[in-house]
Amino acid sequence: MGTEKRYEYRPQEIEPRWRARWEETGAHRAREEDPRPKFYCLDMFPYPSGSGLHVGHWRGYVLSDTLARYKRLQGFKVLHPMGWDAFGLPAENDAIKKGLHPKANTAKNIANMKRQLHEIGAMYDWSREFATTDPDYYRWTQSIFLRMWRRGLAYRASMPINWCPTCRCGLANEEVVAGRCERCNSETERRDRTQWLMRITRYADRLLGDLDKLDWPERVKTMQRNWIGRSEGAEITFTVKDPDGGEHALPVFTTRPDTLFGATYVVLAPEHPLAERSAARARRGAVADYAEEARKAKEIERTAADRPKTGVATGAFAVNPVNGERVPVWVADYVLVHYGTGAIMAVPAHDERDYAFAKKNGLRIVEVIRSDEAKRNGDGTLAEAWTGEGTMVRSGRFDGTPSAAGKRKVVESLAKKGLGKATVSWKLRDWIFSRQRYWGEPIPIVHCAKDGEVPVPESELPVLLPEVERYQVTGTGDSPLAGIPSWVDVKCPKCGGPAKRETDTMPQWAGSCWYFLRYASPRFAQGPFDPKAVSAWLPVDQYVGGIEHAVLHLLYARFFTKVLADEGLLPFDEPFARLFNQGMICKKSFWCDTDRIYLPEKEVADGQQCPTCRKPLHVELEKMGKSKKNDVAPDELVAEHGADAVRLYELFVGPPELDSEWTTNGINGCSGFLARFFAWVHRCAETADSPDSDRVARARHALVKGITEKLEAFKFNTAVSDFMKFLNEVQDAGPTEVSRETLRAAVVALAPFCPHVAEELWHDPLSGSSSVFEASWPRFDESLARAKEMQIPVQVNGKLRATVTVPDGADSATLEKRALAEPKVAAQISGKSVKRVVVVPGRLVNVVVG
RNA sequence: GCCAGAGUGGCGGAACCGGCAGACGCGCGCGAUUCAAAAUCGCGUUCCGGAAACGGACUGAGGGUUCGAUUCCCUCCUCUGGCACCA
């Protein structure tokens, strides 16, 4: 015990030294000319926030770094880059809050976050660092935008948009959650504005179909499938007469053409062009009022699920193409203008929403799909809508047809008359791509009275953001850029006449749609990326990040990649082969209802009371965050235990894909383990090299086997416990039982997890001449990883009664004999007849008695 | 409502393909060291009964399949996340 004191583990001394050394020697540089196979390990692009990293942020970074270093030791050339997603609303809002210019504020935040990331000890290749706000980068974001514009993928349209009254700007649909602004939680309104959109819908089928190619978590793929929302059905054309006698075709979308005979009314979305046009004169005012109300209604009210269905009759009638029946036309906001055709045929007997609406408004309910499973009233009428399968009835010549076959037959018969066709509808909508904000990439388009939209010539890119004093939103809905005539007024690149620059900027997502391509050749000046470098490094082999990007970023990045592939710039059309979503780090938060504030744990009085008002606090386990005052800064932990210990605990805290609770004490176990490991290696190295004893050899092979298998399976938490188990075992053995080879294997196996201490031990006492990361991953021998003797449990009727020790590989006969000879077993079976003995060699013996 | 995921000691969690439930760590208890404390080391630690030997119970609840179920099947409960009038 006294000797251990000599080998005191001092991470504060070891870690900065090795980080400086790696930096000096360029140890983490990814080199294209390296002949080894490549591995591209990427963290999701961080936004450099001003509030700094907490241990929750560390989790993903530690995870990806451990994997990257493991791959490196396995003989891959590893690309593990880092950079900054620095444009966008949060960056701008943060700057406004601090009264700084976003450019200065962003630079400050980047410097701070980079310093914090260094502490982790990750093998980032900082020579490839860039930010989306670098003109050298956004020049190419603008260039890619122009490629999309030329392909007709970027276009302008006037449409109702989500307007956030607090941020005073438009939001993409994806930024509106339950009718509220995702960032500030204000209720959003609808306003009309000319917007830039991306025609992502043109790629809907490929974005959906190619999900099958990806090694991604199933839930992320499911979320994307739901978001894209492919729905097979039919467009069926009804006919509507307006009061002036004009006839209008009214296509409706349905997934249930088999229920067409049960359509008892038709509903138009309030914004549908025929709503007012077709309304009877006496009803026109009511329809217009209803539409106006619906238009102004806040999104939150409109989408509330249990909201009662409202609507007005237009007084017009539509003709059902299958039987010529006249049914009333209604306008109701439960029909959405942007889905399908913005109009539906209502079949109350077989659709819950139509059923509710029909009941409320006294409309007819006609059952046309017969099923014994349907719930009925005493008189045999439907007690609720039957939405399942059944047999067609009251459907003319289709009577008796099963509904599944009926879908096809009805459409076929309509198609012959040109009154219907099979179609596919998508939930996915085009992506609103413009923001009325200062801090984003200017959209490189010039508006000319004569030539219309004119792209800024490539040679004039980037369109730089002007340096300005005021960049706050105007509140008029225009970008602050609109208020700078010297920037806005330009000559038309085409005709030289007076023209104006587009003043909208791109959304934050823009820069993160292709950054993973730029890392391959970050300083390339002839294009967004060097095709050679991109084909050498891409696609990304392992992408690591939070689940919050399951749909938006990951869908947009896939979209951009497909467009660039169609441009002939990429030899692949999916950017991220494999995806891993780490769970969140949580911690208890303390909320005082009276004071309406969160309290940090250390200010909470005994008995979980508020220190000021003495009332009990709301205690909840929540995602760690500064705003909830439950964040833990890594700085103090690093100062006390070292980065390696923090890294180890980040992995040990729980299964990486699940949320885990951070406990302050938990890290002690990891830090203690490293101290013991450090001393153990030194102590063993002191003795003359001796061969491994049997148990040490076994422990080593079991360790390497365990770590290798667990890293491959992303089971970082149990990999760490394998290490602890190993040390517990070999510590029981004396130093003279341990070979040099075992020490080397253990140190290399630790290196992905705790790179600093592994590097230190590799050099001293193991006298490595180059970096431990130049070593190769240790091999293991399955047979040596097994113990020579094993304990086999013996059960009687499934209950454990004894354990016998037998040599590894003992056969069934031996096991049975030994088991029955066991006194405790004999006692249990005496006086009973042995019906059967189940022997599983290497596992157990179960004696069945009756 | 629909679709995922989860439910195991005081706590975080482990358990290969159906084979000793509770690995590993935290916490706690006892002991060593210390003038003392921290740190460190050793031993113990699912629960109930028992001084102990030992016996019994136990993986959200209930049922089923099996020699044997945390693991497979059915019914139900709870929690978390996503979607939510998408016709």
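Chain naming here is simple, since letters A, B, ... match the order of the sequence lines and numbering starts at 1 in each.
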Exercise. Hey, is the side chain of A:Lys835 pairing donor to acceptor with the base of B:C67 inside 3.5 Å?
Worked result: no
Exercise. Just checking A:Asn797: base, sugar-phosphate only, or nothing, at a heavy-atom cut-off of under 4.0 Å?
Worked result: nothing
Problem set entry | Salt bridge flag under 4.0 Å for residues A:Glu232 and A:Lys407 | no
For this session: Looking at every strand, decide which applies to A:Thr663 at a 4.0 Å heavy-atom threshold: base, sugar-phosphate, or nothing.
Result: nothing
Exercise. Would you write out the dot-bracket form of RNA chain B, 5' to 3', with Watson-Crick and G-U pairs under 3.5 Å, [ ] for crossing pairs, | for pairs to other strands and . for unpaired bases?
Worked result: (((((((..(((......[....)))((((((.......))))))((((....))))..(((((..]....))))))))))))....
For this session: Tell me whether B:G56 sits syn or anti, counting syn as a glycosidic angle within 90° of 0.
Result: anti
Exercise. Are any of the side-chain nitrogens in A:Lys725 or A:Glu729 under 4.0 Å away from the carboxylate oxygens of its partner?
Worked result: no
Problem set entry | A:Asp258 CG to B:A87 P, straight-line distance once rounded to whole Å | 14 Å
Exercise. Are A:Arg225 and A:Asp212 close enough for a salt bridge, meaning some N to O gap below 4.0 Å?
Worked result: yes
Exercise. Toward the 5' end of RNA chain B, which comes first, A:Arg836 or A:Asp722, by nearest nucleotide?
Worked result: A:Asp722
For this session: Could I get the full list of side-chain contact (heavy atoms from CB on, under 4.5 Å) partners for A:Lys359, not counting sequence neighbours?
Result: A:Tyr355, A:Ile365
Exercise. Hey, are A:Thr814 and A:Asp811 close enough side-chain-wise for a donor-acceptor pair under 3.5 Å?
Worked result: yes
Exercise. Given atom NZ of A:Lys587 and atom P of B:C11, what is their separation to the nearest angstrom?
Worked result: 17 Å
Exercise. Which of these nucleotides, B:C20, B:G55, B:A4, is closest to any side-chain atom of A:Arg219?
Worked result: B:A4
Problem set entry | Aromatic contact, A:Tyr339 with A:Trp426 (centres under 6.0 Å) | no
For this session: Round to a whole Å and report the spacing from CG of A:Leu674 to P of B:G25.
Result: 13 Å
Exercise. Which listed nucleotide (B:G56, B:A87, B:G25) is nearest to the side chain of A:Lys799?
Worked result: B:G56
Exercise. Is the number of heavy atoms from other residues, nucleotides or ligands under 6.0 Å of A:Lys824 NZ greater than 12?
Worked result: no
Problem set entry | Integer-rounded Å distance: B:C24 C1' and A:Phe673 CZ | 11 Å
Problem set entry | A:Asp333 CG - B:C85 C1' separation (whole Å) | 9 Å
For this session: Give A:Arg676 one of three labels, base, sugar-phosphate or nothing, depending on what nucleic acid heavy atoms sit under 4.0 Å from its own.
Result: sugar-phosphate
Under 3.5 Å, N/O pairs linking protein and nucleotides 14-19 of chain B:
unit_1 : atom_1 : unit_2   : atom_2 : d
B:A14  : OP1    : A:Asn717 : ND2    : 3.1
B:C16  : N3     : A:Arg843 : NH1    : 3.1
B:C16  : N3     : A:Arg843 : NH2    : 2.6
B:C16  : N4     : A:Arg843 : NH1    : 3.0
B:C16  : N4     : A:Arg843 : NH2    : 3.4

For this session: Return the value, rounded to whole Å, for the distance between atom CD of A:Glu822 and atom P of B:C20.
Result: 18 Å
For this session: For A:Tyr290 and A:Thr310, run side chain to side chain donor-acceptor pair (under 3.5 Å): C-alpha distance rounded to whole Å, both residues' side-chain angles, the deciding distance at 0.1 Å, then the answer.
Result: CA-CA 9 Å; A:Tyr290 182 79; A:Thr310 62; 2.7 Å; yes
Exercise. A:Val847 and A:Glu816: side chain to side chain contact (heavy atoms under 4.5 Å, CB included), yes or no, with the steps?
Worked result: CA-CA 9 Å; A:Val847 184; A:Glu816 182 170 342; over 6 Å; no
Exercise. Touch check for A:Gln791, heavy atoms < 4.0 angstrom, all strands: base, sugar-phosphate only, or nothing?
Worked result: base
For this session: With syn defined as a glycosidic angle within 90° of 0 and anti as everything else, classify B:C35.
Result: anti
Exercise. In terms of side-chain heavy atoms of A:Lys824, which of B:C24, B:G12, B:C54 is nearest?
Worked result: B:C54
Exercise. Is it the case that A:Asp644 and A:Tyr649 place a side-chain donor and acceptor less than 3.5 Å from each other?
Worked result: no
For this session: Would you indicate what A:Lys427 reaches in the nucleic acid, counting non-hydrogen atoms under 4.0 angstrom: base, sugar-phosphate, or nothing?
Result: base
For this session: With heavy atoms under 4.0 Å as the rule, sort A:Arg801 into base, sugar-phosphate or nothing.
Result: sugar-phosphate
Problem set entry | Gap between atoms NE2 and C1', on A:His641 and B:A39 respectively (whole Å) | 12 Å
For this session: Compare the minimum distances between each of B:G56, B:G12, B:C20 and the side chain of A:Phe652, then state the nucleotide with the smallest one.
Result: B:G12
For this session: Return the nearest nucleotide to the side chain of A:Ser231; candidates are B:C20, B:G55, B:A87.
Result: B:A87
Problem set entry | Between B:C24 (P) and A:Met724 (CE): distance, integer Å | 11 Å
